[in-house]
Amino acid sequence: MELLSVSEMTCADALAVEGGGDSFALMQRAGQAVAAAAQTLAPSGDIVVVAGRGNNGGDGFIAAADLAARGRNVAVTLLCKPETLTGDAARAAKEWRGPLLPFTPESLGRPALIIDALFGAGLDREVKGEPRAMIEAINASGASVLAVDLPSGVNGNSGEAMGVAVNATRTVTFFRKKPGHLLLPGRVHCGETRVADIGIPPRVLDVIHPKTFENIPEWWRGHFPVPGIAGHKYGRGHAVVMSGGMAETGAARLAARAALRAGAGLVTVASPRDALAVNAAALTAVMVREIGTAVDFAAYLEDDRLNACVIGPGAGIGLRTRDMALTALSGPRAVVLDADALTSFADMPQTLFDAIASQPGAQAVLTPHEGEFARLFASLAGRDHALSKLERARLAAQESHAVVLIKGADTVVASPDGRASIAENAPPWLATAGAGDVLSGMIGGMLAQRVPAFEAASIAVWMHGEAARRFGPGLIAEDLADVLPNVFRDLYRRFGVVL
Ligand SMILES: NC(=O)C1=CN([C@@H]2O[C@H](COP(=O)(O)OP(=O)(O)OC[C@H]3O[C@@H](n4cnc5c(N)ncnc54)[C@H](OP(=O)(O)O)[C@@H]3O)[C@@H](O)[C@H]2O)[C@@H](O)CC1
Ligand SMILES: [K+]
């Protein structure tokens with residue numbers, strides 16, 4: 001579940017070899033894993049391997065030789081002259097005794113399967129000229145495509161397509177996935193990604209200390225809150241969700257209900273007087289409390305059982321929301337700031353970041369979508385082209401001292417300490433009105449149960465995606481919280497919790 005950057009993967013490779021391994025043996029196992037995947041993807045028919053000049057191409061030559069030995073009809077087309085290859089790639093090419101075709105789109109013919117071994121981790125610039133024409137021909141071929149390590153053209157760190165990229169049916173990568181397998185558009189180019197063990201010992205990770213993780217339950221299970229049999233509702237915390245005025249109360253109620261479903265012991269909607277009646281009429285298990293001003297809010301928050309606040313959904317943009325957020329941040333409690341609460345600080349982000357930095361035991365989570373991110377972190381958003389979503393989230397977390405969650409189909413959560421997670425389980429139909437309000441409530445619910453901010457946000461993101469996946473198309477935000485009990489039940493089972 002660790003994700004390795006391209007340089008971390010090079011380091012893993014070097015450490016494995018240093019510990020008595022053999023780099024060519026790694027390439028052989030990589031090539032064999034590709035051949036095995038090719039056999040399942042296309043059990044019959046012709047195969048063309050498109051090879052580049054580096055070790056990705058080397059993997060391709062090994063796969064070609066392995067498949068030919070299994071009786072498959074294989075040809076290789078190589079980007080450069082074989083005599084210009086060096087190192088392991090040159091050695092791998094020598095193992096190939098079958099046909100070597102000219103590097104032209106016509107050489108592809110009409111195979112059942114194309115193995116894309118043009119560029120992998122070594123891609124370092126935009127793809128142009130002959131390789132570009134070849135990638136376009138692969139994509140137009142109609143054949144199944146198996147990508148070696150990464151679809152050629154996809155940047156392993158950012159998931160960006162560098163000019164053009166192969167659309168693979170399946171991708172086989174080695175040892176651990178890279179961020180580019182999860183971040184968009186890389187994930188779409190990969191098709192289904194499988195990880196092959198090529199004999200790199202997992203202990204190399206103790207030296208590398210990866211800080212990027214695939215957001216899956218096996219990674220956060222140690223922080224997943226399971227209420228004890230002798231527990232008390234106050235043991236699971238009390239979340240407060242700030243409501244907007246009379247016309248905008250729905251978002252806060254969505255968040256409050258989600259916080260309760262996510263496991264908070266108690267949830268209160270703090271409501272201005274004009275919205276009190278409408279909030280009270282629409283809520284049952286969630287409590288309602290009149291809070292008009294930041295002074296009222298500060299007095300209410302003196303009760304230290306109120307350990308998590310959610311401010312933003314439907315809160316309204318402006319001074320009142322800003323004051324409420326700063327009030328929440330002035331004490332030792334976890335705070336989720338979403339939507340309007342983020343936009344309310346667009347002109348004075350430093351005021352917000354200073355308040356977070358001075359918060360005792362700071363556990364703040366900011367949950368911007370791309371537009372809100374651009375407003376709050378204008379300096380980072382200005383460098384959009386140079387920075388990946390992962391880098392932007394990390395830099396924003398450093399700058400704001402908060403956990404920063406950038407939403408999307410590849411939601412990234414980053415902690416000020418440098419750790420980050422990437423989720424890939426959100427279905428397209430999760431992009432629906434109010435889904436963000438539910439997410440902020442779920443994070444609040446996890447925080448109320450004293451899950452640390454980075455893990456609270458990551459767990460909520462995964463469960464939110466999973467709930468949407470289970471419900472299926474047609475989902476509206478109201479449905480999400482009601483699917484959560486099923487998601488919990490299965491997580492308990494997966495973690496061996498006795499119900
Ligand atoms: N690490 C490991 O543990 C293991 C790694 N393994 C495998 O090695 C792969 C990495 O190999 P790699 O480093 O040789 O780079 P690779 O992706 O083959 O690129 C080759 C060359 O392409 C060039 N080039 C770059 N961009 C370009 C562009 N836009 N347009 C045109 N040319 C461009 C550039 O050369 P240049 O032209 O700059 O001289 C670059 O050096 C990895 O993905 C995996 O498959 C496995 O064997 C098992 C163990
Ligand atoms: K490739």
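Both ligands and their constituent atoms are indexed starting at 1 by order of listing.
- In summary, Pro151 places no N/O/S atom under 3.4 Å from the K ion (ligand 2), failing the contact criterion.
- For atom 36 (P) of ligand 1, the nearest non-hydrogen atom from the set Met162, Arg29, Arg53, Gln28 comes from Arg53.
- Closest protein heavy atom to atom 38 (O) of ligand 1: Arg125 NH1, 3.1 Å.
- Between Arg394 and Glu391, none of the side-chain N atoms (NZ, or NE/NH1/NH2) sits under 4.0 Å from a carboxylate O, so this pair counts as no salt bridge.
- Using a 4.0 Å cut-off between charged side-chain N and carboxylate O, Arg194 and Glu192 make a salt bridge.
- Shortest contact from atom 31 (C) of ligand 1 to any protein heavy atom: Phe119 CZ, 3.4 Å.
- Between Glu370 and Arg392, at least one side-chain nitrogen of the basic residue sits less than 4.0 Å from a carboxylate oxygen of the acidic one, meeting the salt-bridge criterion.
- Annotation: Asp206, atom CG; neighbour count of heavy atoms from other residues, nucleotides and ligands within 6.0 Å is above 12.
- Counting only N and O atoms by type, the side chains of Ser107 and Thr104 include a donor and acceptor under 3.5 Å apart.
- Looking only at protein heavy atoms, the nearest one to atom 12 (P) of ligand 1 is Asn55 N, 3.7 Å.
- The N/O atoms of Thr10, backbone and side chain alike, include none that comes under 3.5 Å of an N/O atom in ligand 1.
- The K ion (ligand 2) is the vertex of the angle joining O of Leu150 and OG of Ser152, which measures 100° to the nearest 10°.
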Show your working on side chain to side chain contact (heavy atoms under 4.5 Å, CB included) between His181 and Leu150 and close with a plain yes or no. CA-CA 7 Å; His181 292 117; Leu150 286 156; 3.4 Å; yes
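- Shown in contact with Asp13 at under 4.0 Å from a heavy atom are these atoms of ligand 1, numbered in order with element: 1 (N), 2 (C), 3 (O).
- Put simply, the angle at the K ion (ligand 2) from O in Asp116 to O in Val148 is close to 90°, to the nearest 10°.
- The side-chain contact (heavy atoms from CB on, under 4.5 Å) test applied to Leu337 returns Ile311, Ala325, Leu329, Val335, Ala341, Leu342, Leu352, Leu366, not counting sequence neighbours.
- Taking distance alone, with nitrogen or oxygen atoms compared against 3.5 Å, Gly120 approaches ligand 1 more closely than that limit.
- When each atom of ligand 1 is checked for a heavy atom of Ala121 under 4.0 Å away, the hits are 17 (O), 42 (C), 43 (O).
- Salt bridge Arg261/Asp482: present, at least one basic N to carboxylate O contact under 4.0 Å.
- Taking only nitrogen or oxygen atoms, main chain and side chain alike, Val148 does not reach within less than 3.5 Å of ligand 1.
- Salt bridge Asp66/Arg70: present, at least one basic N to carboxylate O contact under 4.0 Å.
- Residue, atom and distance of the protein heavy atom nearest to atom 13 (O) of ligand 1 are Gly122 CA, 4.1 Å.
- Salt bridge Lys389/Asp410: present, at least one basic N to carboxylate O contact under 4.0 Å.
- Near Val127, with a cut-off below 4.0 Å to any heavy atom, the atoms of ligand 1 are 29 (N).
- Note on ring orientation: taking the six-membered ring where Trp is involved, the planes of Phe377 and Phe353 are parallel (angle under 30°, cut-offs 30° and 60°).
- Centroid-to-centroid, the aromatic rings of Trp462 and Phe213 stay 6.0 Å apart or farther.
- Thr173 pairs by the side chain to side chain donor-acceptor pair (under 3.5 Å) definition with Asp149, Lys178, not counting sequence neighbours.
- Residue-ligand proximity, Gly54 to ligand 1, at heavy-atom distances under 4.0 Å covers atoms 14 (O), 18 (O), 20 (C).
- For atom 9 (C) of ligand 1, the closest non-hydrogen atom on the protein side is Asn56 N, 3.6 Å.
- Ligand-side atoms of ligand 1 in range of Met27: 47 (O), range being under 4.0 angstrom from any heavy atom.
- Close contacts between ligand 1 and Asp149 involve ligand atoms 42 (C), 43 (O), 44 (C), 45 (O) [criterion: under 4.0 Å to a heavy atom].
- For atom 46 (C) of ligand 1, the nearest protein heavy atom is under 4.0 Å away.
- Of all the heavy atoms of Asp59, the ones lying under 4.0 Å from any atom of ligand 1 belong exclusively to the side chain.
- At a 4.0 Å heavy-atom cut-off, ligand 1 does not touch Lys128 at all.
- The ligand atoms of ligand 1 that sit less than 4.0 angstrom from a heavy atom of Glu126 are 29 (N).
- Only the side chain of Ile198 comes within 4.0 Å of ligand 1, judged by heavy-atom distances.
- Every atom of ligand 1 is numbered from 1 in the order shown, and the set under 4.0 Å from a heavy atom of Asp124 is 25 (C), 26 (N).
- The pair Arg470-Glu466 meets the salt-bridge criterion, with a side-chain N (NZ, NE, NH1 or NH2) lying under 4.0 Å from an Asp/Glu carboxylate O.
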